[in-house]
Amino acid sequence: MSVEQPEVTAPVPPPARLCIGVTGHRENHVSFGAQRDGILRAIGEVLDLIDAAVNRTREAGLDVAAIRLYSLLADGTDQEVAAGALERRWELVAPLPFGLALNVAINAHPETVEDARALIDGIDGVSRVKDAEVSGRATRLYQLAQAARRFELAERDDLIARLYLEKLQRGEDSRSDATFTAESSLRVALAARVMIEQTDLMIAVWDGTTRALVGGTGHTIQVALEMGAPVIWIDARQPESWRVLQGPESLVGSGDTALSRPERITAVDQLMAHALQSAARPDYDILEREPWPVRSRWPYHAYRRIEALFGGESRPGRFRNLTQNYERPDAIATGSAAALLDRARALPGQEQPFVQRIESAVLRRFAWSDGVSAYLSDIYRGGMTVSFLFAALAIIGGIAYLPFTDSHHKWMFASFELLLLVGILGFTMVGNRRRWHRRWFETRRVAEYLRHAPILLLLGVARPPGRWPQGTDTSWPEVFGRDALREVGLPQIVVTQPFLRRATQGLLLDHVRTQREYHTAKARRLAAVHHNLDHAAQTLFALAIISVATYLVCKAGGVLGIWSTAVAEWSSYLFTFLGVLLPTLGGSLAGIRYFGDFERFAAISRVTAGKLQNIEARIAQLLSAPDDAMDYGGVADLAHATDDVVVTEIESWQAVFAGKNVSVPV
């Protein structure tokens, strides 16, 4: 007695979410102090306009989650905007350039080594601080930090703390001050990059003076614009004249004309529409409407059977059962993703609910889109392969009566030919009406974006919104993938050197190696398919030449009296049939080879495998270094390099298959 499987329903699509970053001058900056009240009013106006625009979007029917603000929580602009966000019930996320205690110690601006040491000891040390103003700044920072989800880059804290204390001890020693400033600025720039990668737009309070200070406000604005994030710039000298910057060129090309209030509302609405990608989201139900296929069906296996037959496998492998049972979304956590999730939970300091969010928001959606896409791939590619074969069989069947019967029975063969031609036309019409090609194309993009997303999320790495690929006809798969990652966001974790080593070795290296092995094997298999199909087609054409030549020899022999003319007459129908059958089958195989583009896909996978091999070597070199050499920036760069390889492979794949719609194989 078979056990009935429970119904599989599509995971709920991710909600839209606006993510905002902030950068700006500190309290002790001259421009901030001189225009403090005006700057705070401008900040409040911007936050109110954003809040109102998002509320209007919700009222229009779009599911928008709580706005999320990313802030480094430095004093001045960062803290003021963070406080405003909490007042408006936004989420607050803090990618900190140091561990929390050291971050408080540096941003509270103690003037003595004793107060700095007390703050470095943690929250309990605040009570030992002698300077009341320093104690107050530290207390406020802890209050904001406790209200935020924190991503603390603490793996270099020992070095930074030592340099900071040396700076305070030596007072006017310019060398100590310069060394600490340089090292800490690199950390701030790294945390700012984490923030920018997660955001749709930035709010910046800046006097426009310089962009040369690494980790400074001008530098952060420059990086944000280069990454494709627009910036609402509040000029610290004239805070009432804020404007929107788009692209790094706007830093030198922006005018001085202040926007009127209606213009400001319009500008913010346009930013919200672009950030939330409202137009793309109605297409989400394309994925949600797809029925769960459970398993592949043998009538649609033609394309994969071609790969098995011509892919250089062993003889038993060529005729193996190709049925695929698609992994259910609710089974992936204990199935193919079990090892990944176990390694994620074992990371030092890992927040377990964060791993659960990855499973529910990413892996389940990946399993659904991967299963649906694989099924649609079989229908589309398998159907097109059958169409090429049917086209050949229709021609062959139409003349197959010649060697076997007379013209009185031709109608049976003509009926067979008509049946195949109608089948081809019917497949083409139904395939276009049901959009098999486009549905497969879109769901496959979703699956590939989500496939390696857990690695990025666990490392706090993201692809900036301005650097996502552009779809050829639609952009909803990219928006869906981005929103799924946004739903998870940054983990609350203290990044340490043991964390980085474990994550690099157990997650990133394993993922890169697995993908490299997959593409290496795929390149080898597809190259074999291309070669063997080409060889088979050439062989059939050669046999056709032999067939025609044999007939001509028979005919010539009869004419010359070498043998009876009846030989040529008797064999003419057979050789005519073979003269059509052999090149037609050869042309069909050549058509399948052209449609499958096996050689080009093999080349794409070969290049991808080469790139991944280089990254694998870089990871191995990093892991051979001692623990104190492990740096978040280096690990993040490797994760970004892997992400770039994956996205480039997706773009190359799109370029090849985008135009291969369901069509008559002629």
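Please read these numbers as outputs of a predicted model, since none were measured by experiment.
- Closest non-hydrogen pair, Gly489 versus Leu457, comes out as O-CD2, 3.9 Å.
- A donor-acceptor pair is defined here as one N or O able to donate and one able to accept, closer than 3.5 Å; such a pair exists between the side chain of Asn107 and the backbone of Asn103.
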Using atom types as modelled, flag every donor-acceptor pair under 3.5 Å from a side chain in residues 630-640 to any protein atom, sequence neighbours excluded.
unit_1: Asp631; atom_1: OD1; unit_2: Arg187; atom_2: NH1; d: 3.1
unit_1: Asp631; atom_1: OD2; unit_2: Gly633; atom_2: N; d: 2.9
unit_1: Asp631; atom_1: OD2; unit_2: Gly634; atom_2: N; d: 3.3
unit_1: Tyr632; atom_1: OH; unit_2: Leu459; atom_2: O; d: 2.7
unit_1: Tyr632; atom_1: OH; unit_2: Gly460; atom_2: O; d: 3.2
unit_1: Asp637; atom_1: OD1; unit_2: Arg193; atom_2: NH1; d: 2.9
unit_1: Asp637; atom_1: OD1; unit_2: Arg193; atom_2: NH2; d: 3.4
unit_1: His640; atom_1: NE2; unit_2: Glu197; atom_2: OE1; d: 3.4
unit_1: His640; atom_1: NE2; unit_2: Glu197; atom_2: OE2; d: 2.5

> Between Val512 and Leu612, does a side-chain contact (heavy atoms from CB on, under 4.5 Å) hold up when you go through it step by step?
Replying inline: CA-CA 6 Å; Val512 170; Leu612 291 171; 4.3 Å; yes

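- Residue Tyr449 forms a side chain to side chain contact (heavy atoms under 4.5 Å, CB included) with just one option from Ile650, Val646, Asp643, and that option is Ile650.
- Of all the heavy atoms in Pro95 and Val194, the pair that sits closest is CB-CG1, 4.0 Å.
- In this structure, Arg463 contributes its side chain and Trp468 its backbone to no donor-acceptor pair below 3.5 Å.
- Taking the six-membered ring for Trp and the full ring otherwise, the centers of Phe441 and Trp653 sit less than 6.0 Å from each other.
- By the 4.5 Å heavy-atom criterion applied to side chains, Phe151 and Leu96 are not counted as neighbours.
- Taking the salt bridge (Lys or Arg N to Asp or Glu O under 4.0 Å) definition, one finds that Arg117 meets it with nothing, sequence neighbours left out.
- Ring orientation note: the planes of Trp206 and Trp233 are tilted relative to one another, at an angle of 30° to 60°.
- Checking side-chain atoms of Ser624 against main-chain N and O of Gln621 turns up a donor-acceptor pair under 3.5 Å.
- Residue pairs meeting the ring pair (Phe, Tyr, Trp, His ring centres under 6.0 Å) criterion with at least one member in residues 76-106, sequence neighbours excluded, do not occur.
- Ala82 and Ser71 get closest at one heavy-atom pair: CB-OG, 4.3 Å.
- A salt bridge is absent between Arg26 and Glu80; no separation between the charged side-chain nitrogens and carboxylate oxygens falls under 4.0 Å.
- Distance check, rounded to the nearest 0.5 Å: OG1 of Thr57 to CG of Leu62 gives 6.5 Å.
- Side chain of Asp200 to main chain of Cys19: a donor-acceptor pair is present (N/O by atom type, distance under 3.5 Å, no hydrogens or angles).
- One finds the CD1 atom of Ile50 at 8.0 Å from the CG atom of Leu271 (value rounded to the nearest 0.5 Å).
- A donor-acceptor contact shorter than 3.5 Å is absent between the side chain of Arg345 and the backbone of Gln350.
- The shortest distance between side-chain heavy atoms of Leu509 and Thr504 does not fall below 4.5 Å.
- Annotation: side chain of Met272 is in contact with side chain of Val54 (closest heavy-atom distance under 4.5 Å).
- By the 4.5 Å heavy-atom criterion applied to side chains, Ile455 and Thr642 are not counted as neighbours.
- Counting only residues at least two apart or on different chains, the salt bridge (charged side-chain N to carboxylate O under 4.0 Å, His left out) pairs with a member in residues 492-504 are Arg501-Asp627.
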Show me the donor-acceptor pairs, under 3.5 Å and distance only, between side chains in residues 212-219 and residues at least two apart or in other chains.
unit_1: Thr217; atom_1: OG1; unit_2: Gly24; atom_2: O; d: 3.2
unit_1: His219; atom_1: ND1; unit_2: Gly215; atom_2: N; d: 3.3

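- For the pair Glu152 (side chain) and Leu100 (backbone), a donor-acceptor distance under 3.5 Å is present.
- Contact annotation: the side chain of Ile493 approaches that of Phe499 to within less than 4.5 Å [non-hydrogen atoms, C-beta and beyond].
- Closest heavy-atom contact between Arg444 and Ala374: NH2-N, 3.7 Å.
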>> Assess the residue pair Trp368 and Asp370 against the criterion (side-chain contact (heavy atoms from CB on, under 4.5 Å)); give the C-alpha distance rounded to whole Å, side-chain angles, the decisive distance to 0.1 Å, and a yes or no.
In response: CA-CA 5 Å; Trp368 179 271; Asp370 188 54; over 6 Å; no

>> Between Val223 and Ile221, is the side-chain contact (heavy atoms from CB on, under 4.5 Å) condition met? List the steps.
In response: CA-CA 5 Å; Val223 173; Ile221 293 172; over 6 Å; no

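- Side-chain contact between Pro248 and Gln222: present, with at least one pair of heavy atoms (C-beta onward) separated by less than 4.5 Å.
- Glu487 pairs with exactly one of Arg17, Arg364, Arg365 by the salt bridge (charged side-chain N to carboxylate O under 4.0 Å, His left out) rule, that one being Arg365.
- In this structure a side-chain-to-backbone donor-acceptor pair under 3.5 Å is missing from Glu288 to Ala10.
- A salt bridge links Glu448 with Arg451: the closest approach of a Lys/Arg side-chain nitrogen to an acidic carboxylate oxygen falls below 4.0 angstrom.
- Applying the side chain to side chain donor-acceptor pair (under 3.5 Å) test to residues at least two apart or on different chains, the pairs with a partner in residues 603-618 are Arg513-Glu616, Arg516-Glu616, His519-Ser605.
- Side-chain atoms of Arg150 come within 3.5 Å of backbone N or O of Ala145 as a donor-acceptor pair.
- Between the CG atom in Leu159 and the OG atom in Ser184 there is a gap of 10.0 Å [rounded to 0.5 Å].
- Heavy-atom neighbours of Gln352 CD from other residues, nucleotides or ligands within 6.0 Å: above the threshold of 12.
- Note that CG of Leu245 and CG of Leu201 are 11.5 Å apart. Values are rounded to the nearest 0.5 Å.
- Between the side chain of Tyr164 and the backbone N or O of Ala105 there is at least one donor-acceptor pair closer than 3.5 Å.
- Annotation for Asp158: atom CG does not count as buried by contact number, only 12 or fewer foreign heavy atoms lying within 6.0 Å.
- Shown here for Ala65 and Arg58, the closest heavy-atom pair between the two residues is O-NH2, 3.1 Å.
- Contact check on Arg343 versus Asp510 returns a salt bridge, with a Lys/Arg side-chain nitrogen under 4.0 Å from an Asp/Glu carboxylate oxygen.
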>> Apply salt bridge (charged side-chain N to carboxylate O under 4.0 Å, His left out) to residues Arg482 and Glu478 and explain how you reach the verdict.
In response: CA-CA 6 Å; Arg482 190 195 71 179; Glu478 287 72 30; over 6 Å; no

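- Nearest approach of Val488 to Arg149, heavy atoms of both residues: O-NH1, 3.1 Å.
- Taking 4.5 Å as the limit, every side-chain heavy atom of Gln515 sits out of range of all side-chain heavy atoms of Thr520.
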>> One pair to check against side-chain contact (heavy atoms from CB on, under 4.5 Å): Val494 and Thr496. What are the steps and the verdict?
In response: CA-CA 6 Å; Val494 179; Thr496 60; 4.0 Å; yes

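- The CD1 atom of Ile106 sits 7.5 Å away from the CD1 atom of Ile120 when rounded to the nearest 0.5 Å.
- With hydrogens and angles ignored, the 3.5 Å screen pairs no side-chain donor or acceptor of Arg439 with any backbone N or O of Leu287.
- Here CD of Glu651 is found 11.5 Å from CD1 of Ile604. Values are rounded to the nearest 0.5 Å.
- Side chains of Thr199 and Ile20 form no contact here, defined as non-hydrogen atoms less than 4.5 Å apart.
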